[in-house]
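Residue numbers start at 1 and run along the sequence shown. Predicted model only: the values in this text are computed from it and were never measured.
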Amino acid sequence: MFYGIDLSSRLMLGTAQYPSPRVLAEAIAASGAEVITVSLRREGAGGGAFREILKGLNCRPLPNTAGCHSVKEAVTTAQMAREVFGTNWIKLEVIGHADTLQPDPFALVEAARVLCADGFEVFPYTTEDLIVGERLLEAGCKVLMPWGAPIGSGQGLRNRDGLRTMRAHFAGVPLVVDAGIGAPSQAAEAMEMGFDAVLLNTAVAKALDPVAMARAFGQAVAAGQAAHTAGLMPKRDMAEASTPIFGMAELV
């Protein structure tokens with residue numbers, strides 16, 4: 001549940017880089033995703049026509065502040081996005097490093113504080129840093145979105161131990177793995193760890209067959225969630241026979 005909204009799908013998809021509006025619509029439908037992210041700048045490039053396409057997808061929009069590098073820029077973009085899309089939801093990005101697109105933790109927390117005070121329901125794109133997570137919650141965020149790897153890299157879960165630690169530390173907080181997911185197996189792994197959702201874009205949009213890839217991601221996220229709920233077997237250092245020795249016939 002995210003800010004009081006219960007979703008049946010644990011997959012969130014971005015709307016950029018698709019080869020055509022038709023493929024975008026078909027991929028979203030195939031994935032089963034109920035939340036789609038959209039940049040205000042992307043919407044602006046397509047004008048009202050792109051906005052109508054988004055409305056036709058029957059999904060909840062999650063506008064983002066992609067490309068922002070300062071508190072002022074992110075806050076202004078979020079306020080404009082609320083007017084355009086009519087939602088208090090905002091995916092907050094404040095980029096601090098040009099190569100890795102790693103968020104600026106100081107500007108991120110400050111922007112989150114300003115937006116939460118202004119009535120926004122903030123989904124902050126952050127790292128697996130626990131202290132930054134604590135500061136974001138103190139600022140008013142009720143969701144955290146740690147990266148799996150740098151945006152668009154397809155590296156998957158680069159810091160598994162850090163993500164597991166974050167999941168355990170913020171046991172009662174909805175956590176979404178955002179960015180760096182390149183394969184359905186990586187999305188399933190995140191869900192098996194106990195994360196509440198996965199957000200991705202490039203792995204679907206740039207696939208040879210975006211519709212088929214979107215369907216695969218939807219299935220993988222559902223399978224990972226089901227596996228986590230069922231309870232994964234613990235790892236062992238030694239082998240353990242699956243067939244018990246007790247009761248077996250003795251051949252002499």
Side-chain angles (χ1 to χ4, degrees), residues 10-18 27 31 33 35-39 42 62 64-69 74 91-109 112 122-133 136 141 143-170 173-208 210 213-214 216-225 227-228 232:
R10 304 299 185 108
L11 176 64
M12 303 178 179
L13 280 184
T15 55
Q17 305 184 75
Y18 287 84
S31 73
V35 174
I36 54 174
T37 64
V38 58
S39 167
R42 173 71 176 90
L62 176 58
N64 66 34
T65 61
C68 293
H69 294 262
K91 178 188 170 186
L92 178 61
E93 297 183 26
V94 186
I95 301 303
H97 193 277
D99 293 330
T100 65
L101 300 182
Q102 179 174 329
D104 178 336
F106 308 103
L108 179 67
V109 171
V122 179
F123 293 69
Y125 165 62
T126 183
T127 66
E128 63 276 20
D129 189 291
L130 301 183
I131 305 304
V132 176
L136 288 167
C141 299
V143 178
L144 298 175
M145 303 182 73
W147 65 349
I151 295 172
S153 68
Q155 295 178 22
L157 309 182
R158 195 166 65 168
N159 183 2
R160 289 171 173 80
D161 288 341
L163 289 170
R164 289 192 184 95
T165 299
M166 189 175 197
R167 176 67 282 180
H169 184 74
F170 297 108
V173 179
L175 300 182
V176 181
V177 173
D178 175 21
I181 298 294
S185 58
Q186 298 165 356
E189 183 181 6
M191 298 305 297
E192 289 171 356
M193 287 182 181
F195 283 87
D196 297 278
V198 170
L199 193 158
L200 57 100
N201 187 164
T202 307
V204 169
K206 303 297 284 186
L208 293 177
M213 186 61 77
F217 268 105
Q219 294 167 343
V221 167
Q225 169 64 19
H228 174 72
L232 296 170

Are Ile36 and Leu62 close enough that some pair of their side-chain heavy atoms sits under 4.5 Å apart? no
For Asp161, the salt bridge (charged side-chain N to carboxylate O under 4.0 Å, His left out) test, sequence neighbours excluded, returns Arg164
Out of the candidates Val35, Asn64, Val143, only one should pair with Phe123 under the side chain to side chain contact (heavy atoms under 4.5 Å, CB included) rule; please name it. Val143
With a 4.5 Å cut-off on side-chain heavy atoms, are Leu163 and Pro146 touching? yes
Please find the pair of heavy atoms, one from Met191 and one from Gly224, that lie closest to each other, and give the distance. CB-C, 3.6 Å
Rounded to the nearest 0.5 Å, the CE atom of Met145 sits from the OG1 atom of Thr127 at a distance of 13.5 Å
Which heavy atom in Ala27 sits nearest to a heavy atom in Leu13, and how many Å separate them? O-CD1, 4.4 Å
Heavy-atom side-chain proximity of Leu101 to Pro150 below 4.5 angstrom: no
Under the side chain to side chain donor-acceptor pair (under 3.5 Å) rule, what pairs show up with a residue in residues 174-188, not counting sequence neighbours? Lys91-Asp178
Under a 4.5 Å cut-off applied to non-hydrogen side-chain atoms, are Val94 and Pro103 in contact? no
Which heavy atom in Ile151 sits nearest to a heavy atom in Ala179, and how many Å separate them? CG1-CB, 3.7 Å
Under the rule for side chain to side chain contact (heavy atoms under 4.5 Å, CB included), what residues qualify as partners of Ala205, not counting sequence neighbours? Gln17, Tyr18, Asn201
Going by heavy atoms in the side chains, are Ile95 and Asp104 under 4.5 Å from each other? no
Going through the checks in order, is the side chain to side chain donor-acceptor pair (under 3.5 Å) test met by Glu128 and Trp147? CA-CA 7 Å; Glu128 63 276 20; Trp147 65 349; 2.9 Å; yes
If you compare all heavy atoms of Ser153 against all heavy atoms of Gly180, which two are closest, and at what distance to 0.1 Å? OG-CA, 3.9 Å
With sequence neighbours left out, what residues match His169 under side-chain hydrogen bond (donor to acceptor under 3.5 Å, both in side chains)? Glu134
Any pair counted as salt bridge (charged side-chain N to carboxylate O under 4.0 Å, His left out), so long as it reaches residues 181-190, sequence neighbours left out: Arg160-Glu189
Looking at every heavy atom in both Gly67 and Glu93, which two are closest together, and how far apart are they? N-OE1, 4.4 Å
When rounded to the nearest 0.5 Å, the distance separating OG of Ser31 from CE of Met213 is 13.0 Å
For residues Ala187 and Val221, report the shortest heavy-atom separation together with the two atoms involved. CB-CG2, 4.0 Å
What I'd like to find out is whether the side chain of Leu92 reaches to under 4.5 Å of the side chain of Leu108, using heavy atoms alone. yes
Side-chain contact, heavy-atom cut-off 4.5 Å: Ile181 with Phe217? yes
Cut-off 3.5 Å, no hydrogens considered: what does the side-chain donor-acceptor table look like for residues 193-200, sequence neighbours left out?
residue, atom, partner, partner atom, Å
Asp196, OD2, Arg167, NH1, 2.8
Asp196, OD2, Leu175, N, 2.8

Answer whether the closest heavy-atom distance between the side chains of Leu144 and Val176 falls below 4.5 Å. no
